[in-house]
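Order of the sequence lines sets the chain letters (A, B, ...), proteins ahead of strands, with each chain counted from 1. Not measured: the values here are computed from a predicted model.
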Number of protein chains: 2
Amino acid sequence: MAVEFDRPKRVRLVDIAEKVGVSRRAVSAVLLGTGGNRVSVGDQKAKEIQRVAESMGYQPNFAARQLVGKRSHTFGLIVASAGDPLRSFLIQHLDEESVAHGNRTLIGNTVVAPDRFEKTVQLFTNSGVDGVLCAVHNWLPGDREALLKQHPCTVFYEDPGIPNACFVTVDRADAVRQATNYLIEKGRERIGLALTMKSSRRQKDRLRGFKEALGDNGRTFDPQMVFYASPKFKDAYAHHDVNSLKWSLPEAVIDSLIEQLVIGESADAIIAHDDYWAATLIKCLRRKGIRVPDDVAVVGYLNHYLADFTDPPLTTIDLAHMTAAKEMVSMLERMISGEELPADQRQVLIQPQLIVRESA
Amino acid sequence: MAVEFDRPKRVRLVDIAEKVGVSRRAVSAVLLGTGGNRVSVGDQKAKEIQRVAESMGYQPNFAARQLVGKRSHTFGLIVASAGDPLRSFLIQHLDEESVAHGNRTLIGNTVVAPDRFEKTVQLFTNSGVDGVLCAVHNWLPGDREALLKQHPCTVFYEDPGIPNACFVTVDRADAVRQATNYLIEKGRERIGLALTMKSSRRQKDRLRGFKEALGDNGRTFDPQMVFYASPKFKDAYAHHDVNSLKWSLPEAVIDSLIEQLVIGESADAIIAHDDYWAATLIKCLRRKGIRVPDDVAVVGYLNHYLADFTDPPLTTIDLAHMTAAKEMVSMLERMISGEELPADQRQVLIQPQLIVRESA
DNA sequence: CTGAAAGCGCTTACAG
DNA sequence: CTGAAAGCGCTTACAG
């Protein structure tokens with residue numbers, strides 16, 4: 001038989017008001033900063049209130065504040081998974097920044113079940129969150145329109161494809177531009193680019209950066225130097241099946257990539273789709289007796305801690321997740337405070353940074 | 001100038017009570033399951049209440065429920081980092097299980113600053129969480145005694161070393177036992193064990209499993225076959241500096257390991273401290289022209305997704321984080337419901353499982 | 001600055 | 001089942 005659950009009696013605001021002999025208002029003003037500047041408490045009184053609150057171990061009740069107040073000081077953080085290999089540090093930074101701005105973070109992992117995205121949005125509503133940070137990959141299910149409707153104060157990581165939605169995203173074109181420039185500078189003659197599919201806007205951005213860098217250096221773009229996993233490998237995204245928490249990449253994709261770019265086109269450098277592709281690429285190249293970086297230089301994309309464990313360590317593009325998190329939270333704070341963001345401030349582009357290790 | 005923040009007017013319980021023409025009590029009973037079995041609402045009425053609530057888009061206000069109720073249905077999840085390479089999936093599973101039991105999850109990343117652990121505990125108190133799940137590594141700072149004092153309903157991952165504290169931990173002895181048995185079965189003659197330090201209880205558990213397995217197979221234990229990183233490498237835990245989010249391992253440690261076990265003692269198999277050690281070990285062995293697994297078999301510990309990216313893929317011990325999470329949440333639920341757990345049920349041992357890939 | 005009061009949205013005990 | 005009321009811990013508007 002279950003015994004009743006009793007939370008221990010906590011010290012209330014009124015308790016310390018009585019002890020000190022002042023009004024609740026004064027205590028609230030001193031301890032919680034309420035009442036704006038309409039309440040003024042003397043220095044002496046203020047210090048005594050602080051002291052007594054400390055000695056009695058006062059902890060304000062957030063639920064009560066939330067019920068009466070205008071803000072809950074709670075952010076909803078919706079993610080695919082805390083373990084998301086592509087974004088787990090972005091997630092940490094988002095929490096970190098939220099807390100730095102005086103908020104709590106309610107987290108919701110959504111890969112667990114197909115309807116978890118919608119359930120989480122509802123939970124956020126019930127919880128009265130002030131705003132939502134969405135770090136769920138675009139290619140995972142979830143009704144973003146409904147999220148935005150229920151929570152107008154929402155900032156996405158990456159363009160959700162909804163008009164006027166606020167988001168922060170990495171400058172993919174610049175990422176590939178940096179990598180290409182670096183490889184050219186290092187004397188690489190035939191640079192290959194590995195992408196997942198032709199149609200995606202994100203992949204097009206990368207291609208654009210690639211072409212621009214080639215042009216800037218007086219090189220001509222050769223379509224044969226671009227490898228597309230799709231449509232030949234429909235499951236090239238298999239390593240993206242966060243659902244099963246599996247995070248491997250079919251080696252057949254990488255073998256095909258080597259076949260086209262290295263064997264077929266004599267590439268001496270490859271910009272991989274991400275660090276996982278790069279790690280597998282390095283592995284497969286070695287098996288064929290092709291040396292990295294001597295024969296072929298490899299550049300990744302992400303700067304996952306995995307990059308230190310490849311052999312040789314991976315030269316890759318850091319996506320600056322910390323900066324992205326700061327931008328997202330700062331944008332969210334502005335929206336919550338009621339600012340009407342102009343259209344050109346609703347999209348923030350983050351500058352990535354090439355990190356040179358040994359693979360290129 | 002900041003415009004006032006106005007949360008949109010939400011439908012309240014009383015609104016649908018008025019619409020349907022019943023008491024708030026009835027609505028509360030139907031929609032939120034309150035009042036125990038003292039309230040009975042007719043089937044017809046109940047259905048109408050459901051229907052109207054749905055059509056009006058009713059969302060119960062959790063803050064109000066929490067203020068008056070006995071439970072907040074909120075769990076505090078305190079972690080080192082969502083990106084914690086050793087525990088990010090444990091974190092996801094903990095959230096997943098908490099939600100499955102009808103709770104919200106307030107997350108707190110603590111590696112951000114030295115006092116963040118204590119701050120997070122305080123935040124949990126303010127938020128009136130029903131219980132706390134602590135997944136912060138023992139070797140990171142934080143006052144666990146204070147946590148337990150403020151939140152008697154706390155379950156730790158791994159023994160915090162506090163008498164009577166509730167925790168779930170992996171059977172380390174069994175992990176090493178399984179690995180050792182497997183290696184012996186595969187014909188390995190000289191098996192080495194890599195540990196961080198002699199003094200730690202956790203390392204002693206591993207050593208115990210190692211000795212037991214050797215004994216069971218009629219082998220004699222040779223102390224020379226155990227490598228300790230410490231005290232020679234005080235920073236062998238450097239890869240544990242989650243603080244800087246760096247997750248690399250000094251290769252000098254691994255070189256020293258190879259020197260002692262492989263060169264010095266002709267080990268033909270090594271049980272590494274974790275998957276990161278194993279990955280680096282494989283890399284360093286290859287550089288010396290030592291083949292894995294032909295010359296030396298390598299077994300990891302964790303089953304991180306990294307294990308698929310080593311070359312060859314890593315045979316390792318899965319720590320069953322999903323099971324651990326289920327046990328932790330289930331234990332926490334029992335504590336919250338008021339059960340007085342007997343001493344022998346306050347510590348749950350999780351059985352790990354050897355996952356065979358190609359490195360051993 | 002104060003005190004006394006109203007109210008946030010809910011749950012519960014009370015009298016019918 | 002109902003209605004009317006009290007109360008959770010706080011913030012705010014009101015009259016001094």
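Residue B:R65 contributes atom CZ, which lies 16 Å from atom C1' of C:dC8 at whole-angstrom precision. Following rounding to the nearest Å, A:F62 (CZ) and C:dG9 (C1') show an atom-to-atom distance of 20 Å. Separating the CD atom of A:Q66 from the C1' atom of C:dG7 is a distance of 16 Å, rounded to the nearest angstrom. Atom CZ in B:R12 sits about 7 Å away from atom P in C:dC8, given to the nearest Å. Following rounding to the nearest Å, A:L31 (CG) and D:dG9 (C1') show an atom-to-atom distance of 14 Å. Rounded to an integer number of Å, the gap from CG of A:N126 to P of C:dC8 is 19 Å. Here D:dC8 presents its P atom at 13 Å from CG of A:L67, a figure rounded to the nearest Å. Computed from coordinates, the B:N61 CG to D:dG9 P distance equals 16 Å when rounded to whole Å.
Contact between the side-chain N/O atoms of A:S28 and the OP1/OP2 oxygens of D:dC10 is not found at any separation under 4.0 Å.
Applying the salt bridge (charged side-chain N to carboxylate O under 4.0 Å, His left out) test to pairs two or more places apart or on separate chains, none has a residue in residues 134-157 of chain B.
Nearest to the side-chain atoms of B:R25 among the listed nucleotides D:dC10, D:dC14, C:dT12 stands C:dT12. In this structure, of C:dT2, D:dT2, C:dC10, it is C:dC10 that holds the atom nearest to the side chain of B:L13.
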| message | B:H101 vs B:F75, test: ring pair (Phe, Tyr, Trp, His ring centres under 6.0 Å). Steps then yes/no. | response | CA-CA 11 Å; B:H101 284 255; B:F75 286 171; 8.0 Å; no

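Comparing A:D43 and B:P60 by the nucleotide of DNA chain C that holds the closest heavy atom to each, the one mapping nearer the 5' end is A:D43. Nearest-nucleotide assignment on DNA chain D puts the 5′-proximal partner with B:S23, out of B:S23 and B:A64. Nearest-nucleotide positions on DNA chain C for A:K45 and A:R24 put A:K45 closer to the 5' end.
Within the 4.5 Å cutoff, no side-chain heavy atoms of B:S127 are placed close to those of B:T74.
The six-membered or imidazole ring of A:Y157 lies away from that of A:H137, with a centre-to-centre distance of 6.0 Å or more.
Contact annotation for B:Y58: backbone-only contact, meaning every heavy-atom pair under 4.0 Å involves sugar-phosphate atoms and none involves a base.
Nucleotide D:dC14 forms a Watson-Crick or G-U wobble pair with C:dG3, both donor-acceptor distances falling under 3.5 Å.
B:S72 places a side-chain N or O within 3.5 Å of a backbone atom of B:G128 that can act as its donor or acceptor partner.
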